[in-house]
Participant: 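The structure is given below, and queries will be raised subsequently.
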Amino acid sequence: MRASLLQIDVNDDESVASRRRRVADLVRDQAGVDLVVLPELWTTGAFAYEEFAAQAEPLRGPTHEAMSKAASDAGVWLHAGSIPEGAEGGTGSAAEGALYNTSLVYSPAGELVASYRKIHRFGFDQGEAVLMGAGTELVTVELPETVVGVATCYDLRFPELFRGLVDAGAQTFVLPAGWPERRRAHWTLLARARAVENQAYVLACGTAGTHAGVPQAGHSIVVDPWGEVLAEAGPGEEVLTVDLDPAKVAVTREQFPALKDRLLGLDTPAR
Ligand SMILES: NC(=O)CCC(=O)C(=O)O
């Protein structure tokens, strides 16, 4: 299974419409791979808080139109990163909780097969944490060769979410992000930790460049179920293409069956 992570340069000089067209073309260029992954909030930038409400769009808005078409033109599964979703009934009033950081997943036919509202919002008492509502549902998506568990950026710090996804069948985690350079060491460490403890692939796709004054880490990363880094991007815009062996998840879980030794958080321990 071949995957391409598109580490997009998100900066304040490019308009959302122009970036949307450019990213759609980059997705189309990936024809021939199985899965394409985009970063978190790549239309606005994850730290461009003032833009969230202004650029909010419905689930089936302009980004959906562009990504659905790009996925079907390329014939790829597409995790299209996330958008600031102005949920039905509101155009983005934070007080109404009408905004969400929502990921979109498309089939090679361009069908929107799943969406995920980010559960853990970043910012403590400001930014996303106050501007957006929290999702409540875990989301998995069945691809032909693997079951994908979906999480977004700051979610990476919450291992219980990933364990929940494993319990729901996840074998591969796909995580779009807008992770800052300031905490790059955490990014790599946590991506590897989530892979090792869950014996799953981690495909973590961040942004490059600087937006809203926050330099981004780049360094998108793909980790295998043993915790080995299969590929890692540099700091700039880059397409990171990697071959995965989906069978490796079951093999790792069989040969080193630590997940079966769980005692807490299960109704019935596995043994
Ligand atoms: N967009 C985010 O969720 C940023 C997360 C982050 O900066 C961190 O966890 O550190």
Side-chain angles (χ1 to χ4, degrees), residues 5-12 16 19 23 37-57 63 79-85 92 94 97 99-104 115-139 149-165 173-195 197 202-221 223 232-233 235 237:
L5 281 58
L6 309 190
Q7 179 172 286
I8 304 300
D9 184 327
V10 176
N11 63 69
D12 304 328
V16 168
R19 186 151 49 241
V23 168
V37 182
L38 292 172
E40 178 188 29
L41 296 175
W42 54 268
T43 57
T44 55
F47 287 86
Y49 302 137
E50 285 92 57
E51 295 300 312
F52 289 172
Q55 298 294 342
E57 51 182 300
T63 300
H79 186 311
S82 68
I83 57 165
E85 180 201 356
L99 272 181
Y100 295 92
N101 184 341
T102 304
S103 292
L104 310 171
S115 61
Y116 164 68
R117 287 176 170 169
K118 184 178 182 184
I119 292 177
H120 303 96
R121 298 153 301 159
F122 183 68
F124 309 112
D125 55 359
Q126 56 174 321
E128 182 190 17
V130 294
L131 294 171
M132 289 187 167
T136 53
E137 314 252 323
L138 297 184
V139 173
V150 183
T152 306
C153 203
Y154 187 49
D155 282 335
L156 189 59
R157 293 185 183 272
F158 300 86
E160 62 275 20
L161 184 152
F162 292 81
R163 210 23 87 75
L165 289 169
F173 300 126
V174 175
L175 181 119
W179 199 277
E181 168 58 22
R182 167 96 180 79
R183 293 181 289 281
R184 176 151 73 85
H186 296 190
W187 164 254
T188 314
L189 180 69
L190 292 169
R192 293 190 71 188
R194 297 297 83 86
E197 73 199 358
V202 170
L203 278 60
C205 181
T207 46
T210 295
H211 66 266
V214 182
Q216 296 292 289
H219 285 267
S220 296
I221 190 166
V223 189
E232 184 172 344
E237 182 158 308

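Whatever order the structure lists them in is the order used to number ligands and atoms, beginning at 1. Position 1 is the first residue of the sequence; numbering continues from there.
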Participant: How far does OH of Y100 sit from OG of S82, to the nearest 0.5 angstrom?
Facilitator: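 It is 14.5 Å, given to the nearest 0.5 Å.
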Participant: Got a sec, which residues hit ring pair (Phe, Tyr, Trp, His ring centres under 6.0 Å) with H219, two or more places apart in sequence or on another chain?
Facilitator: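 For H219, no residue satisfies ring pair (Phe, Tyr, Trp, His ring centres under 6.0 Å) once neighbours in sequence are set aside.
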Participant: Identify whether the distance between the nearest side-chain nitrogen and carboxylate oxygen of E160 and R163 falls below 4.0 Å.
Facilitator: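 A salt bridge is absent here (no side-chain N lies under 4.0 Å from a carboxylate O).
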Participant: Can you name the ring pair (Phe, Tyr, Trp, His ring centres under 6.0 Å) partners of W42, sequence neighbours left out?
Facilitator: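 Per chain and number, W42 pairs via ring pair (Phe, Tyr, Trp, His ring centres under 6.0 Å) with no residue.
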Participant: Does Y154 form a side chain to side chain donor-acceptor pair (under 3.5 Å) with N101? I'd like the steps, not just the answer.
Facilitator: CA-CA 11 Å; Y154 187 49; N101 184 341; over 6 Å; no
Participant: Name all pairs fulfilling the side-chain hydrogen bond (donor to acceptor under 3.5 Å, both in side chains) condition that reach into residues 44-56, sequence neighbours left out, sorted by first residue then second.
Facilitator: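 Residue pairs passing side-chain hydrogen bond (donor to acceptor under 3.5 Å, both in side chains), neighbours aside: none found.
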Participant: Which protein residues have a heavy atom closer than 4.0 Å to any atom of ligand 1, listed by chain and number?
Facilitator: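 Around ligand 1, where the cutoff is 4.0 Å for heavy atoms, the contacting residues are E40, A46, F47, K118, F122, C153, Y154, R157, G178, W179, P180, R183.
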